[in-house]
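Here is the structure we will look at, set down as structure tokens.
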Amino acid sequence: MNVPPHTDLPVVVIGAGPVGLAAAAHLLDRGIEPLVLEAGHAAGAAVREWSHVRLFSTWGEVVDPAAEKLLASSGWVKPDPATYPSGGDWAGLYLRPLADALGERVRYDTRVTGVSRAGRDRVVDADRESRPFALHVSHADGREERVYARAVIDASGTWTTPSPAGADGLPALGEKAAEGRITYRVPDLRDPAVRARYAGRRTAVVGSGASAFTALADLADLATSDDGTGTKAVWVLRRGISGSTFGGGEADQLPARGALGLAAKAAVDDGHADAVTGFRTVAFERAADGRPVLVGEDGRRLDPVDEVIVLTGFRPDLNFLDELRIDLDERLHAPVALAPLIDPNQHSCGTVPPHGHRELSHREKGYLVGMKSYGRAPTFLAMTGYEQVRSVAAAIAGDLESADRVELTLPETGVCGGAGLFDAPDAAEGDGGCCTPAPQLIQLGTSAGTAGTSAGTEGASSGGCCGS
């Protein structure tokens, strides 16, 4: 096996999404040659699958500085920084031209199936650290290839591995059999075929985050339209209703994020959605007419529904990293140094503390970045990923002073969670913490939600309640 010297090898970035392409831009800015391997047909393949959803972050918050610098040389004009892009806008107006600017450094239809040290499986110690990384990739035409790298940045995200409805982290009994009536994404109700699937129907929405808020708001809009008479949502929550259930409202420093939760609250208040609390799904049964019946661990059976939208978060695909020695938190599957900063079992309110290459690296000197770095934690913003890869690129370049100078202030959610309250089924009204505001409805319009790298609420407090 003829392995090239490390210095002749590129840094391989897995994934041509927002954070992966930003990583490539930062590497290039430091004179390091990147190679981006993307399993999809185009840049931002995952983002394109939720192109109908509007982000709660503005253009000013979802464009990476190094990427903008690279794009400026090609005459690219940044959209109005104060406006909110949809996923389709983000992919078409930013990610596609960014990938074009990177040129042949981005390869599409190239799926990474395994990562190891060249000639060394995970058991072998001898000469391990001196060996380059070896990535096995498969192409759309069936060809297989081995690619060598001096370092690997895994920005492959979590989009392809949504979590199931089952409260124990496994698919509920009967969930797979009912898959014809289940979707694990926010449906695009502008599509006539998709709209017909939900119009006039009874739909269960399982989940309590930003994506669930989006689905509830969209179904409520459908219910008030001419073709949506009879549309009804059943919101299935593992927790009880508390002051923080609908987010931070006006106290959220991302106004569109606060408005999204309030739109979901309006769906409940206006009778377009019925909330079922403290319900942990263990089974999908089938009514006489074939419709799914959700069964809770306490024996409750919900009335039959026509459709089920499961929005319980995502989890990282770690299978292709199995030959690497990586240190991941036992709960979140996030890097062990990062996990305590984002663990929903522990954090209270405020924002995620600044973090960079030291929190993201593992013993093989590779990096998990972007949504994948958060593992199963429901907390991520694009600007977090951009700062991650800025620090990582600096570390790979040997500029530890810059790499360690991690400065990022994230917008607060306006929500206090408190240690131990995550997913508690018996939370009562008003126990949401010390800074839960009185909800005020803000008109935002349809599909003003979020997905992908702008999803979720933020993590651990950096001191005091809600930053005070």
Side-chain angles (χ1 to χ4, degrees), residues 40-42 44-56 84-92 157-165 171 175-236 260 263-264 266-268 270 272-274 284 286-287 289-294 302-314 444-452 454-455:
H41 301 306
V47 176
R48 294 172 188 274
E49 293 192 23
W50 49 269
S51 60
H52 57 291
V53 179
R54 192 163 302 281
L55 280 74
F56 52 58
Y84 294 89
S86 66
D89 296 333
W90 204 17
T158 58
W159 178 254
T160 60
T161 47
S163 295
E175 184 171 345
K176 292 181 178 180
E179 63 183 3
R181 292 181 182 262
I182 302 175
T183 183
Y184 296 87
R185 309 288 192 273
V186 176
D188 183 0
L189 298 184
R190 301 174 305 175
D191 182 317
V194 176
R195 191 176 183 87
R197 177 175 174 177
Y198 296 94
R201 304 292 183 88
R202 179 178 170 87
T203 299
V205 178
V206 184
S208 60
S211 294
F213 293 166
T214 301
L216 290 167
D218 287 355
L219 289 170
D221 286 335
L222 177 59
T224 59
S225 65
D226 292 340
D227 62 340
T229 303
T231 302
K232 185 77 172 184
V234 180
W235 188 17
V236 181
L260 180 60
V268 175
D270 294 343
H272 301 305
D274 294 331
F284 281 66
R286 184 175 297 181
D289 58 5
R291 292 188 296 164
V293 174
L294 275 66
L302 303 185
D303 291 337
V305 295
D306 300 288
E307 301 289 341
V308 183
I309 303 174
V310 178
L311 301 168
T312 54
F314 295 84
L444 190 65
T446 61
S447 292
T450 184
S454 288

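Put simply, the side chain of W235 gets close to the backbone of G207: a donor and an acceptor are under 3.5 Å apart. Side-chain atoms of H272 do not come within 3.5 Å of backbone N or O of T224 as any donor-acceptor pair. D89 contributes a side-chain N or O that, together with a main-chain N or O of S86, makes up a donor-acceptor pair within less than 3.5 Å. No donor-acceptor pair under 3.5 Å is formed between the side chain of E175 and the backbone N or O of P164.
Scored by the salt bridge (charged side-chain N to carboxylate O under 4.0 Å, His left out) test, D188 finds R190 as partners (sequence neighbours excluded). For R291, the side-chain contact (heavy atoms from CB on, under 4.5 Å) partners are R181, D289, P304, D306, not counting sequence neighbours. In terms of the ring pair (Phe, Tyr, Trp, His ring centres under 6.0 Å) criterion, residue partners of F314 (sequence neighbours excluded) are, by chain and number, W159.
Listed here is the closest heavy atom pair of V205 and A215: CG1-CB, 4.3 Å. Across G87 and V47, no two heavy atoms sit closer than the pair O-CG1, 3.2 Å. Residues A204 and V236 come closest through the heavy atom pair CB-CG2, 4.4 Å. P187 approaches Y198 most closely through the heavy-atom pair CB-CE1, 3.7 Å. S225 and L222 make their closest contact through OG-O, 2.6 Å (heavy atoms, listed as atom of the first residue, atom of the second, distance). Residues A177 and R286 approach most closely at O-NH2, 4.0 Å, considering heavy atoms.
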Go through the steps for L294 and V234 under the test side chain to side chain contact (heavy atoms under 4.5 Å, CB included), then give the verdict. CA-CA 11 Å; L294 275 66; V234 180; over 6 Å; no

Quick one: do F213 and L311 satisfy side chain to side chain contact (heavy atoms under 4.5 Å, CB included)? Show the steps, please. CA-CA 10 Å; F213 293 166; L311 301 168; over 6 Å; no

Using the side chain to side chain contact (heavy atoms under 4.5 Å, CB included) rule, take L189 and V194 through it: C-alpha gap first, then chi angles, then the decisive distance, then the call. CA-CA 6 Å; L189 298 184; V194 176; 4.2 Å; yes

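In this structure, a donor-acceptor pair under 3.5 Å is absent between the side chains of T183 and R197.
Note that OH of Y184 and OG of S163 are 10.0 Å apart. Values are rounded to the nearest 0.5 Å.
In this structure, the side chains of R202 and D303 come closer than 4.5 Å at one or more pairs of heavy atoms. Here the side chains of I309 and V186 are not in contact, with every heavy-atom distance at 4.5 Å or above.
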